[in-house]
2 protein chains.
Amino acid sequence: MNTPADPMLPVPEIPHNHKQCVHDALKMAELLCVERGVQLTAIRHQVLELIWESHKAVKAYELLDRIRPLQAAAKPATIYRALDFLLAQGLVHRVESLNAFVGCSCSGHQHEQLLLICKQCEEVEERMAAEVMQVLAEEFRQAGFAAHSKAIEVHGLCKKCVG
Amino acid sequence: MNTPADPMLPVPEIPHNHKQCVHDALKMAELLCVERGVQLTAIRHQVLELIWESHKAVKAYELLDRIRPLQAAAKPATIYRALDFLLAQGLVHRVESLNAFVGCSCSGHQHEQLLLICKQCEEVEERMAAEVMQVLAEEFRQAGFAAHSKAIEVHGLCKKCVG
DNA sequence: CTGTTATAAGATATATTATAACATTCGCCC
DNA sequence: GGGCGAATGTTATAATATATCTTATAACAG
Ligand SMILES: [Zn+2]
Ligand SMILES: [Zn+2]
Ligand SMILES: [Zn+2]
Ligand SMILES: [Zn+2]
């Protein structure tokens with residue numbers, strides 16, 4: 001259907017093929033939902049797809065506007081319910097400091113990563129940051145704190161934009 | 001004025017004298033504002049005092065309700081402007097994951113700490129977490145990311161509540 | 001004192017984000 | 001096809017935040 005990138009060409013400067021990104025994320029989501037016996041309904045699938053249109057964080061009401069061509073009757077609850085589901089399944093992250101949502105690029109694994117949020121291009125990079133998490137765990141131990149969920153959100157300029 | 005705690009008594013179980021907390025925070029705020037040549041006006045001072053009533057994060061509209069006996073004409077903008085000022089001066093932190101605000105217990109020094117947010121008692125503990133910040137800095141270096149501001153917010157149970 | 005500038009606060013309206021509550025429909029099992 | 005729970009439709013409203021325009025006040029220069 002779409003012209004695929006020639007796999008023989010060296011592509012040193014293009015860090016990723018976004019179509020592939022989206023495809024992988026959706027396939028993974030479908031797989032995980034089947035495995036877990038939960039329903040990735042049409043609306044939920046559409047919302048996930050809309051979130052994955054870019055690596056930028058998307059606002060709930062932006063999603064609402066963008067889903068209307070597909071779901072004419074969509075209301076805020078339509079979006080928030082889909083988001084609740086996707087968050088519960090770990091398929092998207094909420095970016096607390098933006099009141100926005102971004103696709104999770106590692107839905108299979110552990111969650112609670114480091115989010116690097118670019119002020120310029122608005123893209124959000126997710127990183128496991130294993131060492132950070134480990135040192136953080138030690139800090140909790142010292143503080144006598146039993147952590148349930150963590151959000152590490154950093155605003156700044158990404159590699160591309162820092163020039 | 002207030003009965004001071006006898007410094008000779010061992011106080012093993014009371015971790016802090018909150019009146020002292022508040023007093024120190026307000027004095028520090030006044031000092032810093034003078035040093036910086038910015039105005040800690042009556043409204044700003046009152047808002048800061050209200051925020052320091054406890055170590056819980058406070059919502060903007062709670063502050064609005066609570067400032068009305070003092071400022072009958074207060075409107076949302078009254079509070080948000082005061083909060084903007086206090087945030088800019090590093091005198092309070094915004095807790096992104098709660099849309100709420102908490103007094104900064106180290107206004108003098110560096111900012112961007114780790115916030116440990118208790119689900120039970122709702123108190124927020126602020127920690128410098130120097131080692132975490134250092135490892136995080138290394139992570140940014142690897143990612144080629146130029147960090148401007150960070151928020152590390154962890155929800156869970158604090159020492160007192162974890163039992 | 002008076003004009004000028006800058007900052008703060010008052011006032012009104014509105015934008016943005018999120019949830020509650022209840023009705024209806026859908027998919028599935030029996 | 002009847003019953004059940006999950007998902008969605010629908011309406012209303014709550015909660016959070018900002019924009020804009022006006023008025024007041026302080027600091028300072030001429
Ligand atoms: Zn991509
Ligand atoms: Zn960027
Ligand atoms: Zn205290
Ligand atoms: Zn607690």
Side-chain angles (χ1 to χ4, degrees), chain A residues 29-30 32-34 36-51 56-89 91-102 122 151 153, chain B residues 29-30 32-34 36-51 56-89 91-102 122 151 153:
Chain A
E30 288 157 16
L32 288 173
C33 288
V34 169
R36 296 172 184 168
V38 295
Q39 305 176 53
L40 188 60
T41 62
I43 288 179
R44 292 165 177 178
H45 194 279
Q46 286 160 3
V47 169
L48 184 58
E49 210 165 347
L50 288 171
I51 289 175
K56 299 181 188 181
V58 199
K59 303 266 186 180
Y61 280 71
E62 269 177 59
L63 291 171
L64 182 53
D65 289 342
R66 283 162 38 187
I67 210 175
R68 275 207 233 266
L70 304 167
Q71 298 285 342
K75 302 278 185 310
T78 314
I79 297 299
Y80 281 104
R81 283 167 178 160
L83 288 170
D84 284 348
F85 172 85
L86 296 170
L87 288 166
Q89 297 302 321
L91 299 171
V92 306
H93 291 291
R94 187 185 155 84
V95 184
E96 302 286 358
S97 51
L98 296 175
N99 294 328
F101 305 85
V102 70
E122 299 178 344
E153 301 184 2
Chain B
E30 289 158 17
L32 288 172
C33 289
V34 169
R36 296 171 185 170
V38 295
Q39 305 175 52
L40 188 59
T41 62
I43 289 179
R44 291 166 178 178
H45 194 280
Q46 286 161 4
V47 170
L48 185 57
E49 212 166 346
L50 287 172
I51 289 175
K56 297 180 187 180
V58 198
K59 302 265 186 179
Y61 280 71
E62 269 176 61
L63 291 171
L64 181 53
D65 289 341
R66 286 167 30 192
I67 209 175
R68 276 208 233 264
L70 304 167
Q71 298 286 340
K75 302 279 183 311
T78 313
I79 297 298
Y80 282 105
R81 284 168 178 162
L83 288 171
D84 284 348
F85 172 86
L86 296 170
L87 288 165
Q89 297 302 322
L91 299 171
V92 307
H93 291 291
R94 186 186 156 85
V95 185
E96 303 286 0
S97 52
L98 296 176
N99 294 329
F101 303 85
V102 70
E122 298 179 345
E153 302 184 3

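Everything quoted here is computed from the prediction, not taken from an experiment. In what follows, chains carry the letters A, B, and so on, assigned in the order in which the sequence lines appear, proteins first and then strands, with residues in each chain numbered from 1.
- Between the CD1 atom of A:Ile79 and the CG atom of A:Asp65 there is a distance of 9.0 Å, given to the nearest 0.5 Å.
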Taking only N/O atoms, report every protein-nucleotides 25-30 of chain C pair under 3.5 Å with atom names and distance.
none

Sub-3.5 Å pairs of nitrogen or oxygen atoms, protein against nucleotides 11-17 of chain C:
| unit_1 | atom_1 | unit_2 | atom_2 | d |
| --- | --- | --- | --- | --- |
| C:dA11 | N6 | B:Arg81 | NH2 | 3.2 |
| C:dT17 | OP1 | A:Lys59 | NZ | 2.6 |

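- Residue pairs that meet the salt bridge (charged side-chain N to carboxylate O under 4.0 Å, His left out) test with at least one member in residues 75-89 of chain B, sequence neighbours left out, do not exist here.
- With hydrogens and angles ignored, the 3.5 Å screen pairs a side-chain donor or acceptor of B:Arg68 with a backbone N or O of B:Ala74.
- Distance alone, capped at 3.5 Å, places no donor-acceptor pair between the B:Arg44 side chain and the B:Phe85 backbone.
- Checking side-chain atoms of A:Glu153 against main-chain N and O of A:Glu96 turns up a donor-acceptor pair under 3.5 Å.
- Rounded to an integer number of Å, the gap from A:Arg44 CZ to D:dA7 C1' is 6 Å.
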Inset, instruction - Go through the steps for B:Gln71 and B:Thr78 under the test side-chain contact (heavy atoms from CB on, under 4.5 Å), then give the verdict. - result: CA-CA 9 Å; B:Gln71 298 286 340; B:Thr78 313; 5.6 Å; no

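- For the side-chain contact (heavy atoms from CB on, under 4.5 Å) with A:Val102, the lone residue among A:Lys56, A:Arg94, A:His93 that qualifies is A:His93.
- What separates NE2 of A:His45 from C1' of D:dT8 is a distance of 18 Å, to the nearest Å.
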Legend entry - Test side-chain contact (heavy atoms from CB on, under 4.5 Å) applied to B:Leu63 and B:Leu83, step by step: CA-CA 10 Å; B:Leu63 291 171; B:Leu83 288 171; 4.0 Å; yes

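- For the pair B:Leu86 CG and C:dA9 C1', the interatomic distance rounds to 15 Å; values are reported in whole Å.
- We find that CZ of A:Phe85 is positioned 7 Å from P of D:dA7, with the value rounded to whole Å.
- Here C:dA9 presents its P atom at 17 Å from CZ of B:Arg68, a figure rounded to the nearest Å.
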Inset, instruction - Please test A:Arg66 against A:Val58 for side-chain contact (heavy atoms from CB on, under 4.5 Å), starting from the C-alpha separation and ending with a verdict. - result: CA-CA 11 Å; A:Arg66 283 162 38 187; A:Val58 199; 3.9 Å; yes

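- Rounded to an integer number of Å, the gap from CG of B:Leu40 to C1' of C:dA9 is 15 Å.
- Distances were taken from every side-chain heavy atom of A:Phe101 (C-beta onward) to each of C:dA18, D:dG9, D:dA7; the shortest belongs to C:dA18.
- Whole-Å rounding puts the A:Gln46 CD to D:dA7 P distance at 16 Å.
- In this structure, CG of A:Asp84 is placed 10 Å from P of C:dA18, rounded to the nearest angstrom.
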